[in-house]
Amino acid sequence: MVILVTGGSGFIGSHLVDKLLEKGYDVRVFDLIKPHREDVEWIKGDLLSKNDLFRAFKDVEYVYHLAAIADVNIALSRPELCVQVNEIGTLNVLQAAQSFEVERIILASTTWIYGRAEGIVSEETPIPPPEHLYTATKIGQEYLLMTWNKHYGLPYTILRYGIPYGPRMRKNMAIAIFVRKAMRNEPITIFGDGNQGRCFIHIEDLAEGNIAALSERARNQIINIAGDEFITINRIVNELRKIFGEIRVRHEPPRPGDFRGAIISIEKAKKLLNWKPKIKFSEGLRKYVEYVRCHS
Ligand SMILES: NC(=O)c1ccc[n+]([C@@H]2O[C@H](COP(=O)([O-])OP(=O)(O)OC[C@H]3O[C@@H](n4cnc5c(N)ncnc54)[C@H](O)[C@@H]3O)[C@@H](O)[C@H]2O)c1
């Protein structure tokens with residue numbers, strides 16, 4: 001059985017590939033760029049080329065569809081590319097999956113689609129109209145999978161990821177910026193009171209959550225895979241103080257669009273997949289700092 005990972009050379013995909021290989025699965029990466037390791041099969045291809053995709057689907061049983069324009073800044077600066085890759089690219093994956101009669105397609109969606117919801121949000125929480133092109137395309141991807149299931153019976157699982165952090169994360173993400181500033185002894189800028197937060201998830205826990213979703217119980221389900229701690233900006237700074245000692249902080253007024261953040265319920269993942277995050281934020285952050293120290 002081959003498991004295809006589109007976007008397997010990216011941040012999340014590369015960790016998913018590591019875990020799948022560790023567990024003995026036959027893995028194939030479909031990506032424009034080379035995977036981070038040599039011992040995995042790589043089909044170099046573009047989601048926008050049906051020919052490329054059809055080459056990648058031979059003997060595939062499960063597809064993790066992660067390839068996307070995932071950086072919100074690129075999404076906004078290259079809107080046509082974002083819509084093409086995230087929407088038409090997903091449609092192409094669905095058509096290939098249907099032709100090759102794959103068992104299931106597992107989509108990397110995001111808890112960003114809950115928008116400015118506060119309090120506790122679950123998979124049942126209504127999705128508000130999107131405020132960003134990127135989230136519009138992620139909602140669109142979810143609907144494409146559900147529609148394809150209605151039309152052709154193609155089974156799906158939609159995983160709404162919390163915000164992952166850890167080795168190989170993009171350097172423009174808050175945790176990555178804070179860690180590098182702390183290492184250079186530069187002040188960290190906090191916008192607003194610092195009580196805004198997110199349910200960050202360590203990348204290894206996210207990869208494990210993806211693997212748990214291979215369970216038949218995840219068939220045609222939408223499931224949140226997020227951290228179980230609501231981590232505020234102030235908490236990140238305090239954890240960094242435990243590692244680095246004193247850290248200088250500069251306070252600025254809140255930025256337009258900032259919001260407090262919600263607690264993402266992961267009860268469904270716990271019950272259905274018997275999965276829960278194992279890495280506490282303080283431990284995950286230390287591991288990440290170690291990684292940055294070794295790679296800078
Ligand atoms: N990183 C996050 O904070 C986050 C949170 C929730 C959901 N997600 C979703 O998870 C998935 C992976 O995100 P990531 O952070 O690993 O992104 P990433 O940018 O690190 O990886 C995306 C990969 O897709 C590949 N790709 C892009 N366009 C392609 C195309 N046309 N054809 C083939 N490959 C192409 C890229 O080369 C890259 O390797 C995305 O679908 C993203 O929307 C990410």
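Note that these values count all heavy atoms, side chains included, but never hydrogens, waters or copies made by symmetry. We count ligands from 1, going down the list as the structure has it; atoms in each ligand are counted the same way. Everything numeric here is computed off the predicted structure, so don't read it as measured data.
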Judging by distance only, is a nitrogen or oxygen of Val85 under 3.5 angstrom from one on ligand 1?
-> no
Under 4.0 Å from a heavy atom of Lys138: give me the atoms of ligand 1 that qualify, with their elements.
-> 40 (C), 41 (O), 42 (C), 43 (O)
Measuring from the heavy atoms of Ser109, does anything fall under 4.0 Å of ligand 1?
-> yes
Do Tyr165 and Phe281 come close enough that some side-chain heavy atom pair is under 4.5 Å?
-> yes
Do any N or O atoms from the side chain of Asn224 and from the backbone of Ile266 form a donor-acceptor pair under 3.5 angstrom?
-> no
With the 4.5 Å side-chain cut-off for hydrophobic clustering, are Ile203 and Ile236 part of the same group?
-> yes
Name the orientation class of the two ring planes belonging to Tyr134 and His132 (parallel below 30°, tilted from 30 to 60°, perpendicular beyond 60°).
-> perpendicular
Looking at ligand 1, does Trp112 have a heavy atom less than 4.0 Å from it?
-> no
For atom 31 (N) of ligand 1, find the nearest protein heavy atom and state the residue, atom name and distance (0.1 Å precision).
-> Asp46 OD1, 2.9 Å
When you measure from atom 42 (C) of ligand 1 to every protein heavy atom, which one gives the shortest distance, and what is it?
-> Tyr134 OH, 3.4 Å
Report yes or no: do Ile106 and Phe30 belong to one cluster of Ile/Leu/Val/Met/Phe/Trp/Tyr joined by side chain heavy-atom distances under 4.5 Å?
-> no
Pi-cation contact, Phe11 with Arg168 (under 6.0 Å, within 45°) = no
Check if Gly45 has a non-hydrogen atom at a distance under 4.0 Å from any atom of ligand 1.
-> yes
Counting each atom of ligand 1 from 1 as listed, which ones have a heavy atom of Ser9 under 4.0 Å away?
-> 39 (O)
Should you measure from each heavy atom of Asp31, which atoms of ligand 1 turn up under 4.0 Å away?
-> 23 (C), 24 (O), 25 (C), 34 (N), 36 (C), 37 (O), 38 (C), 39 (O)
The closest protein heavy-atom partner of atom 12 (C) of ligand 1 is Leu66 O, 3.5 Å
Closest to atom 3 (O) of ligand 1 among protein heavy atoms sits Pro164 CD, 3.2 Å
Short N or O distance, Ile12 and ligand 1, threshold 3.5 Å exclusive | yes
To the nearest 0.5 Å, what is the distance between CD (Glu142) and CZ (Arg160)?
-> 4.0 Å
Go through the side-chain N and O atoms of Thr90 and His65 and say whether any donor and acceptor fall under 3.5 Å apart.
-> yes
Of the protein's non-hydrogen atoms, which lies at the shortest distance from atom 34 (N) of ligand 1, and what is that distance?
-> Leu32 N, 3.5 Å
Arg235 side chain to Asn238 side chain, donor-acceptor N/O pair below 3.5 angstrom | no
What do you reckon, does Gly89 put a non-hydrogen atom under 4.0 Å from ligand 1?
-> no
From Gly13, Gly8, Pro35, Ala68 - option closest to atom 27 (C) of ligand 1 by heavy atom | Ala68
Taking NZ, NE, NH1 and NH2 as the nitrogens, is one of them in Glu208 or Lys276 under 4.0 Å from a carboxylate oxygen of the other?
-> no
Which protein heavy atom lies closest to atom 21 (O) of ligand 1, and at what distance to 0.1 Å?
-> Gly10 CA, 3.4 Å
Tell me which protein heavy atom sits closest to atom 32 (N) of ligand 1, plus the residue, atom name and distance to 0.1 Å.
-> Leu47 N, 2.9 Å
Leu48: heavy atom below 4.0 Å from ligand 1, yes or no?
-> no
Will you find, in the side chains of His36 and Asp18, an N or O donor that is under 3.5 Å from an N or O acceptor?
-> yes
Is Arg170 salt-bridged to Asp71, going by a charged N under 4.0 Å from an acidic O?
-> yes
Close approach, Arg170 and ligand 1, non-hydrogen under 4.0 angstrom | yes
Nearest-contact summary for atom 17 (O) of ligand 1 - protein heavy atom, Å = Ala70 CB, 3.4 Å
